[in-house]
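Here is the structure we will look at, set down as structure tokens.
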Amino acid sequence: MLFSELLLEWFSVHGRQLPWRNCGNPYHIWVSEVILQQTRVSQGMDYFLRFVEQFPTVEALAAAPLDAVMKSWQGLGYYTRARNLHKAAQLIVNDYGGELPNSYKELLKLPGLGPYAAGAVASFAFHEPVPAIDGNVYRVLARVFGVFDSPGTGAGKKAFYTLCSEVMDHENPHLFNQAIIDFGALQCTPGRPDCAPCPMRGLCYAEANGLQTSLPTKERELKVRPRYFHFIMARWRGDTFIELRQGKDIWHSLYQFPLIETKERVEPEDFTQSEEFQELVGIDCTVTHISEEKRQLLSHQELFIRFYIVELHTLPYALLQDYQRVPIDGVDGYQVPITIANYLAAEEAGEYFRCSSGKMED
DNA sequence: AAGACGGGGTA
DNA sequence: TACCCAGTCTT
């Protein structure tokens with residue numbers, strides 16, 4: 001039996017039923033593909049359901065304020081996806097008459113749609129026979145056909161694209177692409193795949209040669225950069241101060257408390273004496289709470305985060321000029337990094353701090 | 001080609 | 001802890 005025949009047979013038994021599958025709604029398919037980039041189904045499901053309920057159509061998404069879209073995305077990560085989704089929706093309404101482009105080539109032009117997502121939408125929604133190659137597909141193809149090219153290189157990507165074009169079912173591209181993705185996610189898993197009951201047994205190169213854990217070939221390991229964040233929750237008559245993050249750094253378009261970053265670890269006693277800190281909050285204030293150091297691991301960064309609560313007695317110009325003044329209990333209405341959302345929730349429950357008045361309690 | 005970009009699950 | 005995940009964009 002052919003690879004694609006085995007695959008579709010497996011899919012008819014084990015394939016997942018998902019709300020965006022075979023729904024006949026290109027908009028839903030598009031949204032789901034963007035949400036699921038580098039994100040597991042279990043993690044993205046609730047976000048998808050909430051997103052399409054809040055923004056039911058391309059027009060609704062295009063008309064929505066970016067803030068609302070970002071808020072809906074809060075906690076999902078890779079926030080550029082949300083901004084691109086919003087931008088693409090406006091593009092579709094303004095330049096495409098409100099209809100999603102129906103070809104791989106045109107879809108690829110939209111911001112946030114790369115080769116994988118364009119192929120996925122083109123095949124799932126419009127049945128165009130193009131590959132949709134994600135991490136699952138690289139893994140399945142590498143193992144079954146014994147491909148040693150690395151997906152991390154340009155030549156490797158091309159090799160996988162060519163191979164996939166050859167072995168796919170051109171009559172049922174939508175089923176084939178869904179099937180190979182599900183097969184990678186459920187059967188041909190990254191770690192120790194469960195090869196005993198696998199229908200590809202006998203056909204699979206990696207299984208025959210015991211190379212399951214060596215394929216696909218992997219690339220370089222990544223370096224992690226440490227960063228030290230000191231967030232200042234400055235209180236003034238029931239209000240505090242926040243700002244919208246801009247620029248190319250992490251958390252673009254999310255809100256945060258005034259932030260002072262240091263290259264090295266700085267202990268709280270030293271930090272509150274630092275010039276930078278005193279310039280921000282002024283001299284006439286009291287540091288009432290200092291949190292423990294929270295550690296957050298990103299793919300390329302290791303963040304060490306501490307929160308300071310400062311009671312202001314006068315209003316420093318630096319805060320007034322560069323930050324938005326908002327009610328303290330209104331902060332959770334803004335889209336914020338997940339670490340700040342956690343802080344807000346914990347602080348409300350009185351759980352976050354173990355030191356106060358700048359002195360350690362234990 | 002390499003780096004940046006999140007957050008969560010798994011061995 | 002280390003790796004990986006329904007990737008894309010910028011440099």
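Regarding A/Y138, its OH atom lies at a distance of 9 Å from the C1' atom of C/dG7, rounded to whole Å. In this entry the distance linking CZ of A/R83 with C1' of C/dT8 reads 12 Å, nearest Å. Distance, A/R139 CZ to C/dA6 P: 6 Å, rounded to whole Å. Atom pair A/L76:CG and C/dC5:C1' shows a separation of 13 Å (rounding to whole Å applied). Across the protein-nucleic acid pair, A/Q38 atom CD and C/dT8 atom P stand 9 Å apart, rounded to whole Å. Between the CD1 atom of A/I340 and the P atom of B/dG6 there is a distance of 13 Å, rounded to whole Å. Separating the CG atom of A/D182 from the C1' atom of C/dA6 is a distance of 10 Å, rounded to the nearest angstrom. Put simply, NE2 on A/H252 is 19 Å from C1' on B/dG7, counting in whole angstrom units.
When each of B/dA1, C/dA6, B/dG7 is scored by its nearest atom to the side-chain atoms of A/T153, the top-ranked nucleotide is B/dA1. Across C/dA6, B/dG6, C/dT8, the shortest atom-to-atom separation from the side chain of A/R16 is found for C/dA6. Side-chain atoms of A/I250 lie closest to B/dC5 of the nucleotides B/dC5, B/dG7, C/dA6. Of the listed nucleotides (C/dA6, B/dA1, B/dG8), B/dG8 has the atom at the smallest distance from the side chain of A/R40. The side chain of A/R81 approaches B/dG6 more closely than any other nucleotide in the set B/dG7, B/dG6, C/dC4.
B/dG3 sits 22 Å from C/dA6 when the C1' atoms are compared, rounded to a whole Å. Spacing between C/dT8 and B/dG9 at atom C1', rounded to whole Å, works out to 22 Å. Here the separation of B/dG6 from C/dT11, taken at their P atoms, is 15 Å to the nearest Å.
No engagement by A/G44 is indicated, since no non-hydrogen atom pair under 4.0 Å with the nucleic acid exists. A/A132 comes within contact range of no nucleotide atom at all, as no heavy-atom separation falls under 4.0 Å.
Comment: A/R50 does not engage A/E53 in a salt bridge, judged by the lack of any side-chain N to carboxylate O separation of less than 4.0 angstrom. A/R21 has a carboxylate O that lies under 4.0 Å from a charged side-chain N of A/D182, or vice versa, which qualifies the two as a salt bridge.
Using modelled atom types, one finds a donor on one side chain and an acceptor on the other under 3.5 Å when comparing A/R139 with A/N136.
Mapping A/W20 and A/G112 onto DNA chain C by nearest heavy atom places A/W20 closer to the 5' end of the strand. Comparing A/R227 and A/G154 along DNA chain B, the residue whose closest nucleotide (by nearest heavy atom) sits nearer the 5' end is A/G154. For A/T80 and A/D134, each mapped to the nucleotide of DNA chain C holding its nearest heavy atom, the one lying further toward the 5' end belongs to A/D134.
The base of B/dG6 sits within donor-acceptor range of the side chain of A/Y78, with an N or O pair under 3.5 Å. With hydrogens and angles ignored, no donor-acceptor pair under 3.5 angstrom links the side chain of A/T39 to the base of B/dG8.
The shortest heavy-atom contact between A/M168 and A/N177 is CE-OD1, 3.8 Å.
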So A/W10 and A/F183, ring-ring contact (aromatic ring centres under 6.0 Å, His included) or not? Walk me through it.
-> CA-CA 8 Å; A/W10 176 91; A/F183 187 77; 5.1 Å; yes

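Atom CD of A/E99 is surrounded by 12 or fewer heavy atoms from other residues, nucleotides or ligands within 6.0 Å.
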